[in-house]
Asker: 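One structure coming up, written as structure tokens, with questions to follow.
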Amino acid sequence: MDRYEPHEIERRWQAVWAEERTWETPNPGEPGFDDSKPKFYVTEMLPYPSGEPHVGHLKNYSLGDAIAHLRRRKGYQVIHPIGYDAFGLPAENNAIKTGQPPREAVEASIAAYQEQFRAWGLSFDWSREVSSHTPEYYRWTQWIFLRLFERGLAYRAEAPVQWCPVDQTVLANEQVIDGRCERCGSPVEARDLEQWFFRITEYADRLLADFDLLESWPEHVVTMQRNWIGRSEGAEVTFRCEGLGIDFPVFTTRPDTLFGATFFVLAPEHPELGRLVAGTGREDEVSAYVDESIRETPEERASEERAKTGAPLGRTVTNPVNGERIPIFVADYVLMEYGTGALMAVPAHDQRDFDFARAFDLPIRRVVVPRAEAEAAEGAGEGADEPFVGHTDDEVLVESGEFTGMGSVEAKSAIIASLRERGLGEPAVNYRLRDWLLSRQRYWGCPIPIVYCERCGIVPVPDEQLPVELPEVEDYAPKGKSPLAAAEQWVEVACPSCGGAARRETDTMDTFVDSSWYFLRYLDPHNVERPFDRSVADHWMPIDQYIGGVEHAILHLMYARFFIKAFADMGMLEAQEPFASLFTQGMITMGGAKMSSSRGNTVSAVRTVERYGADTSRTYVCFLGPPERGGDWHPDGVEGVHRFLTRLWRLGQEVVERTGDSAVGASATPGREAEPWAADPDTPGREAEEVSGRNLLAKANWAIDKVTRDIEHGFQFHTAIAAVMELVNDSYRLKDALYGDPDGDAALRFATATAASLIFPFAPHLGSEVYAALTGERVWERPWPEADRSLLERDTFTLVVQVNGRRRDQIEVATGLSEAELLELARASDNVRRHLDGKQVVKEVVVPGKLVNLVVRG
RNA sequence: GCCCGGGUAGGCAAACUGGUAAAGCCCGCGGCCUUAAAAGCCGCUGCCCGCAAGGGCGUUGCGGGUUCGAGUCCCGCCCCGGGCACCA
């Protein structure tokens with residue numbers, strides 16, 4: 001072989017890894033398990049198999065694989081599994097269009113993914129592979145559902161839901177973006193349906209508190225989840241409609257502004273509207289308003305620019321702090337799904353209430369003012385051109401009865417305490433987070449293991465009858481209810497409880513349910529007793545490094561966190577958090593734009609690998625730029641990386657030829673633990689500086705240090721690869737001068753083997769090939785090299801001499817000189833002297849090991 | 001509007017705690033090799049003077065500030081990307 005043939009090399013090493021099952025990792029207690037090694041669980045978000053994998057997948061798995069390889073060679077027992085998130089809408093939509101059953105389409109895609117993942121040389125433990133659409137897997141998804149049901153964490157409720165008229169299904173809040181369906185973009189509609197929910201809100205506080213348990217998550221992802229949970233503290237205060245004797249609790253974060261409440265507002269969906277308006281003579285006006293606002297899309301309703309609308313109900317409620325009767329309105333700026341669907345309006349201190357008050361000519365009463373204003377006896381009472389949404393620390397109450405003069409912060413608790421005594425209010429916490437709606441009126445998902453019996457009601461399917469298998473159907477098109485409803489023999493079932501006639505639940509689960517626990521099934525994929533064994537989970541969990549796209553920052557990651565907490569509460573495992581460290585990769589673009597088939601700017605990972613090989617493709621996606629940021633795909637850039645790998649390959653060939661493949665090993669003092677040059681005091685070049693090759697050894701050790709730090713400190717893969725490029729470039733520059741000299745040959749062999757060793761996490765086939773050519777050893781069985789510190793230390797350094805902060809000279813000087821000596825050397829420089837001429841040195845700055853700065857005047 | 005990122009050669013980017021700005025890759029230019037081309041190898045690639053050694057100047061979105069010294073810290077803006085947004 002006289003040129004770099006990536007495909008030949010890659011096929012050969014992949015065959016070794018497959019045959020020897022190199023990347024399989026046993027569980028504790030199984031043969032081959034090594035309990036002397038610390039565990040490391042690394043996994044990437046599992047793919048949704050659709051078509052064939054793209055460059056985004058290539059990047060995702062290349063990053064994870066590099067981490068896995070590094071950790072293995074650092075002495076960890078690494079588990080690195082893979083699976084498929086195979087249920088979901090795209091396969092079903094495809095089925096509706098083409099008639100191809102979703103199972104067939106998905107399994108064809110899975111085959112394509114498997115083929116690619118193998119061709120990419122990823123170090124997955126294939127013995128742990130799972131797919132969420134198989135009965136062996138979803139049996140346990142159903143089992144988990146039943147456990148949550150038993151604990152009251154899964155419940156059925158009628159609720160206004162968001163309905164996508166195109167996909168014909170209910171959507172979770174998280175799947176509605178600006179009032180539109182996340183998938184198809186059509187405006188969503190409101191409907192009332194009986195649906196299944198997971199009570200994630202019960203875990204809201206723990207989801208917030210346990211951010212503290214995380215080792216390394218991107219700050220912005222934590223922030224996004226915090227905002228999504230949207231915890232706010234305040235009070236629940238009861239306003240009573242005396243006329244009808246109905247109590248309206250409202251949530252407020254500003255109990256200190258209660259005396260400024262001048263009206264009261266209900267959401268158009270509020271259930272008490274009808275009773276309230278009855279007999280007031282305003283029925284027509286109100287019902288017209290309600291109809292109109294319910295017809296509007298949530299998007300239209302949410303527009304901030306829009307003027308406030310509403311209608312008076314002709315009734316009043318009593319403000320519990322001062323007994324004042326204030327009018328009730330209905331207005332669409334009040335959301336039924338937040339708080340109690342009702343609010344006290346304080347126009348002087350809330351922008352929205354202010355806008356409404358202006359539109360309806362309602363009184364605006366300031367009750368909180370900055371202390372300075374209060375002392376000047378200004379600001380209180382009516383008026384003001386804009387609301388004062390207090391955000392200074394020093395505000396006081398005015399015109400607030402007994403609380404007048406009190407600071408706003410104390411007033412909050414004082415007012416709550418006073419209300420509490422009278423049973424009219426108490427401290428309260430509210431969340432933006434809603435319970436997780438998991439029902440889908442769709443075919444291609446995990447069946448919900450529930451039966452409806454006329455006599456017994458909601459009956460869970462007993463564990464021994466699991467899985468409830470997804471039946472075959474003819475027609476996948478949704479008709480407002482699940483296609484499963486058409487499978488009559490499947491639907492009609494004997495009640496597990498009374499044996500009478502009953503019907504199965506025909507909705508399926510949101511696919512986020514499947515993907516909220518798959519990383520636990522990886523740990524014990526063939527267990528037929530339970531989803532996973534506790535002792536196995538306690539050994540491997542939590543995941544030490546999770547890698548995926550930032551687009552899952554909220555949904556998937558929070559659902560999985562919720563599941564783990566619920567599991568821990570059920571005693572299924574110890575871990576409270578699934579993902580100790582999270583890395584979110586940025587998207588690869590083309591010409592600065594997202595890749596999409598409609599733009600015609602997609603880059604096929606498959607074709608890139610066919611053309612350049614897996615090593616080039618993998619190294620390139622890691623070299624694109626900081627991986628969290630994403631980068632622009634550039635065909636010429638791929639060429640550049642390919643050139644680099646080719647150079648390394650050729651260097652390996654040439655060094656083997658020119659230095660003889662004799663005893664002068666590159667790695668190879670046999671039986672040694674570490675790279676021999678790294679630890680061996682007899683390393684050539686160490687003792688005598690003039691020996692050629694020392695610089696190259698120093699460079700190689702510098703590269704070891706740099707690559708290790710860059711990978712471990714925040715995924716700086718692009719600079720790590722650049723360091724190996726430098727090492728290879730230096731080897732090329734020096735090699736002709738070094739050949740023939742024993743130390744020179746040894747240095748070249750070491751440098752080349754080191755380059756192969758360091759590039760291995762990114763280009764595993766080439767790394768193995770070159771390393772084996774030089775050493776006869778398998779690089780993945782060698783420990784990750786450690787830099788020899790003594791070779792990193794230089795005995796001279798470049799002293800930069802500045803005059804007034806401008807560089808005037810640089811001198812090579814010995815390390816360890818005193819400040820006085822450095823100054824003397826600096827002043828001796830011709831060019832420096834020229835700049836000092838006729839001037840007075842007023843200050844001398846010496847930074848040891850770095851520079852001297854002479855500050856002059858005149 | 002609010003909260004995060006980011007703005008550095010022609011392009012992508014690097015620069016740990018303030019200490020020679022621009023490593024590496026691409027593009028471009030030149031040389032070697034070749035009958036020739038491709039590939040490969042070597043070199044150049046902010047501006048000015050110089051054959052050269054060298055010297056001078058400039059420079060990190062804009063404007064200020066702190067410092068002997070600022071891409072890095074502080075204040076005020078502009079632009080790009082992402083997230084949230086009538087959440088009481």
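Predicted model only: the values in this text are computed from it and were never measured. Residue numbers begin at 1 in each chain, while the letters A, B, ... track the order of the sequences.
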Asker: Does A21(B) have OP1 or OP2 under 4.0 Å away from a side-chain N or O of R806(A)?
Answerer: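 Negative; the distance criterion is not met.
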Asker: Need the pair for G50(B). Rule: Watson-Crick or G-U wobble, both distances under 3.5 Å, any strand; none if unpaired.
Answerer: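 When the pairing criteria are applied, nothing turns out to pair with G50(B), so the answer is none.
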Asker: Can you tell me how far C1' in G24(B) sits from the matching atom in A13(B), rounded to whole Å?
Answerer: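 It works out to 8 Å between them.
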Asker: Out of G24(B), C27(B), A14(B), which has the shortest distance to the side chain of A722(A)?
Answerer: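 Looking only at side-chain atoms, A722(A) lies closest to G24(B).
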Asker: Taking the six-membered ring of F248(A), is NZ or CZ of R240(A) closer than 6.0 Å to its centre and within 45° of its axis?
Answerer: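 No - R240(A) does not lie over the ring of F248(A) by the 6.0 Å and 45° rule.
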Asker: Taking atom P in both G46(B) and A22(B), compute the distance separating them and give it to the nearest angstrom.
Answerer: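 The same atom, P, in both gives a distance of 11 Å.
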Asker: Scan N853(A) against the nucleic acid and name what it touches under 4.0 Å (heavy atoms): base, sugar-phosphate only, or nothing.
Answerer: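 Base, at least one base heavy atom under 4.0 Å.
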Asker: How would you label the contact of R834(A) with the nucleic acid (heavy atoms, under 4.0 Å): base, sugar-phosphate, or nothing?
Answerer: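 Sugar-phosphate, no base atom in range.
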Asker: For R629(A) and G82(B), what is the distance between atoms CZ and P respectively, to the nearest whole Å?
Answerer: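 One finds 15 Å between P of G82(B) and CZ of R629(A), rounded.
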Asker: Once you round it to whole Å, what is the distance between P of A88(B) and NE2 of H270(A)?
Answerer: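 Taking NE2 of H270(A) and P of A88(B), I get 17 Å after rounding.
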Asker: Would you indicate which nucleotide in A88(B), C87(B), G24(B) comes nearest to any side-chain atom of R352(A)?
Answerer: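 Of the options given, the side chain of R352(A) lies nearest C87(B).
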Asker: Quick one: Y620(A) OH to G24(B) P, roughly how many Å, whole number?
Answerer: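 Going from Y620(A) (OH) to G24(B) (P), I get 18 Å.
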Asker: Using the P atom as the reference point in each nucleotide, state the distance between U17(B) and U72(B) in Å, no decimals.
Answerer: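 About 13 Å, rounded to a whole number of Å.
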Asker: Hey, is D730(A) close enough to R733(A) for a salt bridge, meaning N to O under 4.0 Å?
Answerer: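 Salt bridge between D730(A) and R733(A), a charged N being under 4.0 Å from a carboxylate O: yes.
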Asker: To check you understand the geometry: which heavy-atom pair defines the closest contact between A720(A) and I711(A), and what is its length?
Answerer: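 Shortest heavy-atom separation between A720(A) and I711(A) comes out as CB-CG1, 4.2 Å.
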Asker: In whole Å, measure the gap between the C1' atoms of A21(B) and C75(B) for me.
Answerer: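 Nearest-Å result for A21(B) against C75(B) at atom C1': 25 Å.
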Asker: So, is H634(A) close to the C25(B) phosphate, meaning a side-chain N or O under 4.0 Å from OP1 or OP2?
Answerer: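 No, H634(A) has no side-chain N/O under 4.0 Å of OP1/OP2 on C25(B).
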Asker: Is it true that the side chains of Q810(A) and T798(A) contain a donor and an acceptor less than 3.5 Å apart?
Answerer: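 No.
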Asker: Nearest nucleotide by nearest heavy atom, which residue falls closer to the 5' end of RNA chain B, T340(A) or V845(A)?
Answerer: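 In this pair, the answer is V845(A).
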Asker: Should the pair K308(A)-D332(A) be classified as a salt bridge under the 4.0 Å nitrogen-to-oxygen rule?
Answerer: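 So K308(A) does not pair with D332(A) through a salt bridge.
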Asker: Ring centroid separation for Y4(A) and H642(A), is it under 6.0 angstrom?
Answerer: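 Yes: the rings meet the under 6.0 Å criterion.
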Asker: Look at K850(A) and G19(B) and indicate whether a side-chain polar atom (N or O) is within less than 4.0 Å of OP1 or OP2.
Answerer: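 No, K850(A) has no side-chain N/O under 4.0 Å of OP1/OP2 on G19(B).
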Asker: Take atom CH2 of W217(A) and atom C1' of C4(B), then tell me their distance rounded to the nearest Å.
Answerer: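 Distance check: W217(A) CH2 to C4(B) C1' gives 16 Å.
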Asker: For a quick test of reading the model: is some side-chain N or O of R733(A) closer than 4.0 Å to OP1 or OP2 of C41(B)?
Answerer: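 Checking C41(B) against R733(A), no side-chain N or O comes under 4.0 Å of OP1 or OP2.
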Asker: Should the ring pair F239(A) and F264(A) be called parallel, tilted or perpendicular, given that the plane angle runs from 0 to 90° and is split at 30 and 60?
Answerer: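 The arrangement is tilted - the two ring planes meet at 30° to 60°.
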Asker: Between A15(B) and G71(B), how many Å separate the two C1' atoms, rounded to a whole number?
Answerer: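 Straight-line distance between the two C1' atoms is 9 Å.
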Asker: Using a heavy-atom cut-off of under 4.0 Å over every strand shown, decide if L624(A) touches base, sugar-phosphate, or nothing.
Answerer: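 Touches sugar-phosphate only.
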Asker: Could you check whether S232(A) gets within reach of a base, just the sugar-phosphate, or nothing at all, counting any heavy atom under 4.0 Å?
Answerer: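 Here S232(A) touches the backbone only, sparing every base.
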Asker: Which part of the nucleic acid, if any, lies within contact of N831(A), taking any heavy atom under 4.0 Å across all strands shown: a base, the sugar-phosphate backbone alone, or nothing?
Answerer: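 Here N831(A) touches the backbone only, sparing every base.
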Asker: Using Watson-Crick or G-U wobble geometry with both distances under 3.5 Å, which nucleotide pairs with G1(B)?
Answerer: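 WC or wobble partner is C84(B).
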Asker: Can you find a pair of side-chain heavy atoms, one from Q840(A) and one from V856(A), that are under 4.5 Å apart?
Answerer: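 Side-chain contact under 4.5 Å: no.
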Asker: Send over the distance from R432(A) CZ to C2(B) C1', rounded to a whole Å.
Answerer: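 So the CZ-C1' distance, R432(A) to C2(B), works out to 14 Å.
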Asker: Could you give me the CA-CA distance, side-chain angles and deciding distance for R833(A) and D830(A), then say whether salt bridge (charged side-chain N to carboxylate O under 4.0 Å, His left out) is met?
Answerer: CA-CA 5 Å; R833(A) 250 193 302 203; D830(A) 285 347; 3.1 Å; yes
Asker: What is the nucleic acid contact for D353(A), judged by heavy atoms within less than 4.0 Å: base, sugar-phosphate only, or nothing?
Answerer: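 No contact.
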Asker: Could you tell me how far apart F715(A) (CZ) and A14(B) (P) are, to the nearest whole angstrom?
Answerer: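 For the pair F715(A) CZ and A14(B) P, the rounded distance is 16 Å.
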Asker: Once you round it to whole Å, what is the distance between P of G82(B) and CD1 of I588(A)?
Answerer: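 Distance check: I588(A) CD1 to G82(B) P gives 17 Å.
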Asker: Should G76(B) form a Watson-Crick or G-U wobble pair with both distances under 3.5 Å, which nucleotide is its partner?
Answerer: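 Paired with C62(B).
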Asker: With heavy atoms under 4.0 Å as the rule, sort H642(A) into base, sugar-phosphate or nothing.
Answerer: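 Counting heavy atoms under 4.0 Å across all strands, no contact is made by H642(A).
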Asker: Classify the nucleic acid contact of F644(A) as base, sugar-phosphate or nothing, counting any heavy atom under 4.0 Å across all strands shown.
Answerer: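 Nothing, no heavy atom under 4.0 Å.
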Asker: Report which part of the nucleic acid V800(A) touches: base, sugar-phosphate, or nothing (heavy-atom distance under 4.0 Å, all strands).
Answerer: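 Here V800(A) touches the bases of the nucleic acid.
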Asker: Hunt down the Watson-Crick or G-U wobble partner of A21(B), both distances under 3.5 Å, from any strand shown, or write none.
Answerer: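 Base partner found: none.
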Asker: Starting at the 5' end of RNA chain B, which residue's closest nucleotide do you reach first, M224(A) or L343(A)?
Answerer: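 Closest to the 5' end, via its nearest nucleotide, is M224(A).
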Asker: Taking only the side-chain heavy atoms of R643(A) (C-beta and beyond), determine which of C4(B), U20(B), C27(B) contains the nearest atom.
Answerer: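 Ranking C4(B), U20(B), C27(B) by closest atom to the R643(A) side chain puts C27(B) first.
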Asker: Just the rounded figure in Å: distance from P of G55(B) to CZ of R808(A).
Answerer: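 That distance rounds to 10 Å.
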Asker: Under 3.5 Å for both donor-acceptor distances, Watson-Crick or wobble: does C16(B) have a partner, and if so which one?
Answerer: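 C16(B) is unpaired by these criteria.
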Asker: Using a 4.0 Å heavy-atom cut-off across all strands, classify Q802(A) as base, sugar-phosphate, or nothing.
Answerer: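 Counting heavy atoms under 4.0 Å across all strands, the contact made by Q802(A) includes a base.
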Asker: Does H718(A) reach a base, just sugar-phosphate, or nothing at all? Heavy atoms under 4.0 Å.
Answerer: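 If one applies the 4.0 Å heavy-atom cut-off, H718(A) turns out to touch the sugar-phosphate alone, with no base involved.
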Asker: When the C1' atoms of C33(B) and C26(B) are considered, how many whole Å apart are they?
Answerer: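 Here C33(B) and C26(B) have their C1' atoms 24 Å from each other.
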Asker: Using a heavy-atom cut-off of under 4.0 Å over every strand shown, decide if V334(A) touches base, sugar-phosphate, or nothing.
Answerer: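 The answer is base, as V334(A) lies within the cut-off (heavy atoms under 4.0 Å) of a base atom.
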Asker: Take atom P in C44(B) and the same atom in A36(B), then report the distance between them in whole Å.
Answerer: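 Between the two P atoms, the distance is 26 Å.
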Asker: Taking G10(B) as the reference, what is the distance to C48(B) when you measure between their P atoms (whole Å, please)?
Answerer: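 Looking at atom P only, C48(B) and G10(B) are 13 Å apart.
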Asker: With sugar-phosphate meaning primed atoms plus P, OP1 and OP2, does E726(A) contact a base, only sugar-phosphate, or nothing at under 4.0 Å between heavy atoms?
Answerer: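 Sugar-phosphate only.
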